[in-house]
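Below: one structure, written as structure tokens.
Note that the structure is a prediction, hence the values are computed from the model and not measured. Order of the sequence lines fixes the chain letters, A, B, ..., with proteins taken first and strands second; residue numbering starts at 1 for each chain. Hydrogens, waters and symmetry mates play no part in the numbers below; they use all other heavy atoms, side chains included.
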There are 2 protein chains.
Amino acid sequence: MRIVSLNCNGLRSAAKKGFFDWLAKSGADHVCLQETKAQPEDLADALFHPAGWHLHFHSAQKKGYAGVAIYSRRQPDLWVDNLGAPEFDGEGRYLEAQFGPLSVISLYLPSGSAGPERQASKDRFLEFFPEHLAKLRASGREVVICGDWNIAHTKLDLKNWRSNQKNSGFLPHERAWKDKLYGEWGWVDAYRSLHPTEEAEAYTWWSNRGNAWANNVGWRIDYQVISPSLKARLLSASVYKAERFSDHAPLIVDYAD
Amino acid sequence: MRIVSLNCNGLRSAAKKGFFDWLAKSGADHVCLQETKAQPEDLADALFHPAGWHLHFHSAQKKGYAGVAIYSRRQPDLWVDNLGAPEFDGEGRYLEAQFGPLSVISLYLPSGSAGPERQASKDRFLEFFPEHLAKLRASGREVVICGDWNIAHTKLDLKNWRSNQKNSGFLPHERAWKDKLYGEWGWVDAYRSLHPTEEAEAYTWWSNRGNAWANNVGWRIDYQVISPSLKARLLSASVYKAERFSDHAPLIVDYAD
DNA sequence: CGTCATAAG
DNA sequence: CTTATGACG
């Protein structure tokens, strides 16, 4: 079972760059997208509804903003497209597809880089979300939370960790939250489990400014966070950089069936 | 003496398409631009200030909107960048360069195609401007008014005249205004004087929508309107279509020195 | 720097 | 359809 997580930075834009050609040949069973930046009516074209895929969008109320989606080879038993938190549900940040005992989730955590008000919203998300995480853990389901978490966890997870300690995405309290995620809350970082010391090959996002991509000045902010029950099924994890659909790269993880 | 009129549809955009390369080799003495869509500070780059040219911008207050400019090989005695009409002066629609007895003017007449409110403003311009035209005529100066007049005068001046009789730019009252311009107010249409029956070769604007350019579905809305004193000096007039800098094409008129 | 929205033409 | 600005990342 192959699961892909990608912040596509505009699904229409990614489509122009060949995302759907790649999707067809990706071998993926489930693809979780973030920042679709479109309403369902903007995605009416057949291009966005390829044969053989089941899909669902959770768009933000604000046009062109945020939004998540899941494309899946299988028909889910249930789509869950809200968290019960109005501040975040209206921003298209969560979508869950349930397949028997398995939940595949697309998550787009707020970015705090635009200023203090956005950081405050991100912090409210960090405050709120653990409750939901606990429910997922308590459900006993197999859970894969694919997403742009907008937090690099450790010094291994971004090129310039030293200069970014005061920047949103690598703030001490954000990193401490991820410590708890993988510690006391019992979740597992799929990529890091398989590549405990990888740095340069692990980045999933590069700023559009400067020559970040060319110089691999990247951050690992896209993760597949899994319930411990799935850890034994991890086969491989990699970042796909042969093509560029977005300022983020697809994170591909294979799980034993 | 060669004078060029061009609605450049964004001077920065036209620059990217080679306008300044063409300017250098155009043989022009005076070039009147409309829709520069930039503030002077946006045009600080040396590219916009080529050696050997004197130039002046009259930008709109609203950023990225309208704006006219004149590039001239000679140093004018005076730049006049207003009409004394607040509604139009704040929109960057008029600039006059005076060289001895000659006035070279860049004019951008309001478009009415965006709706009734913009048509009403265009109509107020048509109401107001004859007073200024009369002053120019009364001054006894040699006057060349280069501009996007946003009105096709006769059936010869647009491909689809029949279907456009209710569209802004070919409305009966607009055409009647141009009748007066060339009739009782005594001005001369430079291009038409030299090419009394030209149609397809005379268009200066093609909509970006559909395949207007490929099918030459054009309008002649850019004119050099001259005082009668200059009529005897008309040598040639043509529309330059070998390159495309804009949705309009440069209108080139040569005058005897 | 890039994607999208919106205004304007 | 295209050029702009502005929001957001």
Side-chain angles (χ1 to χ4, degrees), chain A residues 7-17 19 34-39 42-43 59-67 91-93 108-115 117-119 121-122 148 150 167-169 205-214 217 219 221-222 244-248, chain B residues 7-17 19 33-39 41-43 59-67 91-93 108-115 117-119 121-122 148 150 167-169 205-214 217 219 221-222 244-248:
Chain A
N7 178 319
C8 61
N9 191 24
L11 187 49
R12 285 167 286 185
S13 167
K16 283 183 204 148
K17 295 170 182 161
F19 168 71
Q34 301 87 38
E35 283 207 274
T36 51
K37 292 189 173 184
Q39 308 290 128
D42 301 326
L43 305 170
S59 299
Q61 258 142 21
K62 190 193 293 196
K63 285 171 122 193
Y65 181 73
E91 286 189 341
R93 298 191 173 277
Y108 177 44
L109 210 140
S111 165
S113 62
E117 288 184 18
R118 292 313 298 160
Q119 183 64 44
S121 177
K122 182 179 188 176
D148 176 354
N150 264 317
N167 290 143
S168 182
W205 173 73
W206 300 261
S207 169
N208 277 321
R209 305 172 212 201
N211 287 101
W213 169 260
V217 178
W219 295 53
I221 55 179
D222 300 276
R244 278 204 97 187
F245 310 120
S246 162
D247 51 345
H248 296 246
Chain B
N7 179 319
C8 58
N9 191 22
L11 187 49
R12 286 167 287 186
S13 167
K16 282 184 203 146
K17 295 170 182 161
F19 168 70
L33 301 174
Q34 301 86 38
E35 283 206 276
T36 52
K37 293 188 172 184
Q39 308 290 130
E41 55 268 32
D42 301 326
L43 304 169
S59 299
Q61 257 141 22
K62 190 192 295 196
K63 285 170 121 193
Y65 181 74
E91 286 189 340
R93 298 193 174 277
Y108 176 44
L109 209 140
S111 165
S113 61
E117 288 183 17
R118 293 311 298 159
Q119 183 64 43
S121 177
K122 182 179 188 177
D148 176 354
N150 265 318
N167 291 143
S168 181
W205 173 74
W206 301 261
S207 170
N208 276 322
R209 303 172 212 200
N211 288 101
W213 169 259
V217 178
W219 294 53
I221 56 178
D222 300 274
R244 279 204 95 188
F245 310 121
S246 163
D247 51 343
H248 296 245

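The main-chain N or O of A/A38 is found under 3.5 Å from a side-chain atom of A/S59 such that the two form a donor-acceptor pair. Of the possible donor and acceptor atoms, one in the side chain of B/K122 sits under 3.5 Å from a partner among the backbone N and O of B/N150. When atom types are taken as modelled, the side chain of A/S207 and the backbone of A/A212 share no donor-acceptor pair closer than 3.5 angstrom.
Taking atom CD on B/E117 and atom C1' on C/dG9, their separation rounds to 16 Å, with Å as the unit. With rounding to whole Å, B/R244 atom CZ is found 11 Å from D/dC1 atom C1'. Distance B/L109 CG to C/dG9 P: 12 Å, rounded to the nearest Å. Taking atom CH2 on A/W205 and atom P on C/dC1, their separation rounds to 14 Å, with Å as the unit.
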Exercise for the section: Produce a footprint string for nucleotides 3-9 of chain D: one letter per nucleotide, 5' end first; B if the base is under 4.0 Å from any protein heavy atom, S if only the sugar-phosphate is, - if neither. Expected result: BSSS-SB

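At most 12 heavy atoms of other shown residues, nucleotides or ligands fall within 6.0 angstrom of atom CD in A/E117.
Under the 4.0 Å criterion applied to side-chain N and carboxylate O atoms, A/R118 and A/E91 are assigned as salt-bridge partners.
Scanning for side-chain hydrogen bond (donor to acceptor under 3.5 Å, both in side chains) contacts around B/N9 gives B/K37, B/D247, with sequence neighbours left out.
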